[in-house]
Asker: 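The structure's right below; bear with me while I get my questions together.
Remember, it's a predicted structure, so these values are computed and weren't measured experimentally.
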Amino acid sequence: MVGIVSYGAYIPIYRLSRDTLSAVWGKSLGRGERAVANADEDSITMAVEAVVDCLTDLDRQGVDALYFATTTPPYKDKQSASIIRAATDLREDASTMDFGHSLRSCTNALTAASNAIKAGEARRVMVAASECRVPAPNSEFEPVYGDGAAAFLLGDSDVAASIEGSYTISSEFIDVWRKETDTYAWAWEDRFTRDEGYEKILPQAIRALMQKYNLAPKDFTKAIFYAPDARSHTAIARKIGLDPNTQVQQPLFDSVGDTGCAFAPMMLVAALEEARPGDRLLFASYGDGVDVYVLQVTEEIEKTRNRRGIRRHLASKMDLSNYGVYLQMRNMMEWAPSLRPTRRSALSFVWRDRKMFYGLYGQKCRSCGHIQYPKQRLCIYCQARDNFDEIRLSDKKGKLFTYSIDERAREIILPMVRGVIDLEGGGRYYSSLTDRDPEKIDVGIDMELTFRLVFDGVKEGSGFRNYTWKARPVRC
């Protein structure tokens, strides 16, 4: 039996309300808000968060492969999944693959993962979907697009939701697209794309799946499916005979936004958070065709209740009320050159200490037991030489020991806050603090670590994106 063993999700802490956008553009853009990735986040860092959430209380070394789905990869000519594997400390021999170019790429990856397990090529495969789509200012997409990620661990044992069946159709229909040289997405007339595309192709695939497995709408406890907007979502539910009030998982349009290929997967995480043993779920993703699955929830679902998932991330948020700061975070304008010196890094330096930067490995002295970061040859406590064991620090929490605030630093969201964190079990970590309200920073608050961009090498001239771990106040 192949199915979902565990799930995880991530929603950035910042929210941009549609009231703020309405005030900027002088027109009503509806209610609600959308999630906005911080300036030091992208689709890779959010995927790392979702994968770590998915692997709560699980053995990371048991994951045989990692498949990553996105339409917004930070690199065009470099694999993203390999960076996610390193940051989440999966085995080096774990197979890594990128899936992209379609809003259906996550379910494409799920199908590939399921087939690999059935074929005996792997026992457990991690599938992550993450999007950081940038809408054009004052466009129809600006109040709609949101950022976020979801992750699923697929396996052949301890399955929380088994895959009982699936159906796929491919379609060359063009509704939303972005060419190689485009910064922003294009879309055709909405009535045409809705009537001839989404609202025709998705029901066709769902009805075909029901016919294939001799199922009816009443046989499903909950249905989870992609939609471009709330109106179309309700229309689809009615077209296929589902009760919108009881059988349909509520979409995240007013709380997160449309997260592209991660939208339906994030809704599935929200559904699994509330699912009970015996529930049958209908899960469908749309984009250049449709993938539809029948999922059966098992008793193992009760072992997954301690994830942050969707519910806890939704409850942890900060308002982004300044539209100018939002433009800076997304680098959507031409800015005056900075008077402060450009920061640079070297690929040779990052490669040499890649396990320290990506996996956040420190060292534990075999002689005195003290933990140190960064790694070095001499123990600063007992002066023992080259007598250490490696220890992963990225999953440790801690307390803020001391901090400083710099109002004039070269930082997008000022002020820059730097802190020293006393980690649980020993060791200290010195870092910039992210996702923080300077008014609420104080010595002794609980801290945790998160994988982020140090700075964007593309903007700085070095040509590559520099990732490592930062500290933030504990979320959720």
Asker: Tell me the salt bridge (Lys or Arg N to Asp or Glu O under 4.0 Å) pairs involving residues 238-249, sequence neighbours left out?
Answerer: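 Found E199-K239.
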
Asker: What residues form a side-chain hydrogen bond (donor to acceptor under 3.5 Å, both in side chains) with T221, not counting sequence neighbours?
Answerer: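 Counting only residues at least two positions away or on another chain, T221 forms no side-chain hydrogen bond (donor to acceptor under 3.5 Å, both in side chains).
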
Asker: Does H233 have any ring-ring contact (aromatic ring centres under 6.0 Å, His included) partners at least two apart in sequence or in another chain, and if so, which?
Answerer: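 F225.
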
Asker: Could you tell me which residues satisfy side-chain hydrogen bond (donor to acceptor under 3.5 Å, both in side chains) with R18, sequence neighbours excluded, listed by chain and number?
Answerer: D254

Asker: Within 45 degrees of the axis of the six-membered ring of Y145 and under 6.0 Å from its centre: does R34 put its NZ or CZ there?
Answerer: no

Asker: Who pairs with Y323 by ring-ring contact (aromatic ring centres under 6.0 Å, His included), at least two apart in sequence or on another chain?
Answerer: W25, Y326

Asker: What residues form a side-chain hydrogen bond (donor to acceptor under 3.5 Å, both in side chains) with T71, not counting sequence neighbours?
Answerer: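 Residues passing side-chain hydrogen bond (donor to acceptor under 3.5 Å, both in side chains) with T71: E131.
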
Asker: List the residues meeting ring-ring contact (aromatic ring centres under 6.0 Å, His included) with Y198, not counting sequence neighbours, and say none if there are none.
Answerer: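 With sequence neighbours excluded, Y198 shows a ring-ring contact (aromatic ring centres under 6.0 Å, His included) to Y286, given in chain and number order.
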
Asker: Not counting sequence neighbours, list each pair that qualifies as a salt bridge (Lys or Arg N to Asp or Glu O under 4.0 Å) and has a residue in residues 430-439.
Answerer: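 Found D435-R452, D435-R472.
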
Asker: Give me each pair satisfying side-chain hydrogen bond (donor to acceptor under 3.5 Å, both in side chains) with a member in residues 262-273, each pair once, sequence neighbours excluded.
Answerer: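 For residues 262-273: none.
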
Asker: Please find out if less than 6.0 Å separates the ring center of F152 from that of Y7.
Answerer: no

Asker: Go through the structure and list residues passing side-chain hydrogen bond (donor to acceptor under 3.5 Å, both in side chains) with K212, not counting sequence neighbours.
Answerer: none

Asker: With salt bridge (Lys or Arg N to Asp or Glu O under 4.0 Å) as the rule and sequence neighbours excluded, what pairs involving residues 68-85 come up?
Answerer: K76-E180

Asker: Taking only residues two or more places apart in sequence, or in another chain, which ones meet A205 in a side-chain contact (heavy atoms from CB on, under 4.5 Å)?
Answerer: Y167, I169, V290, V292

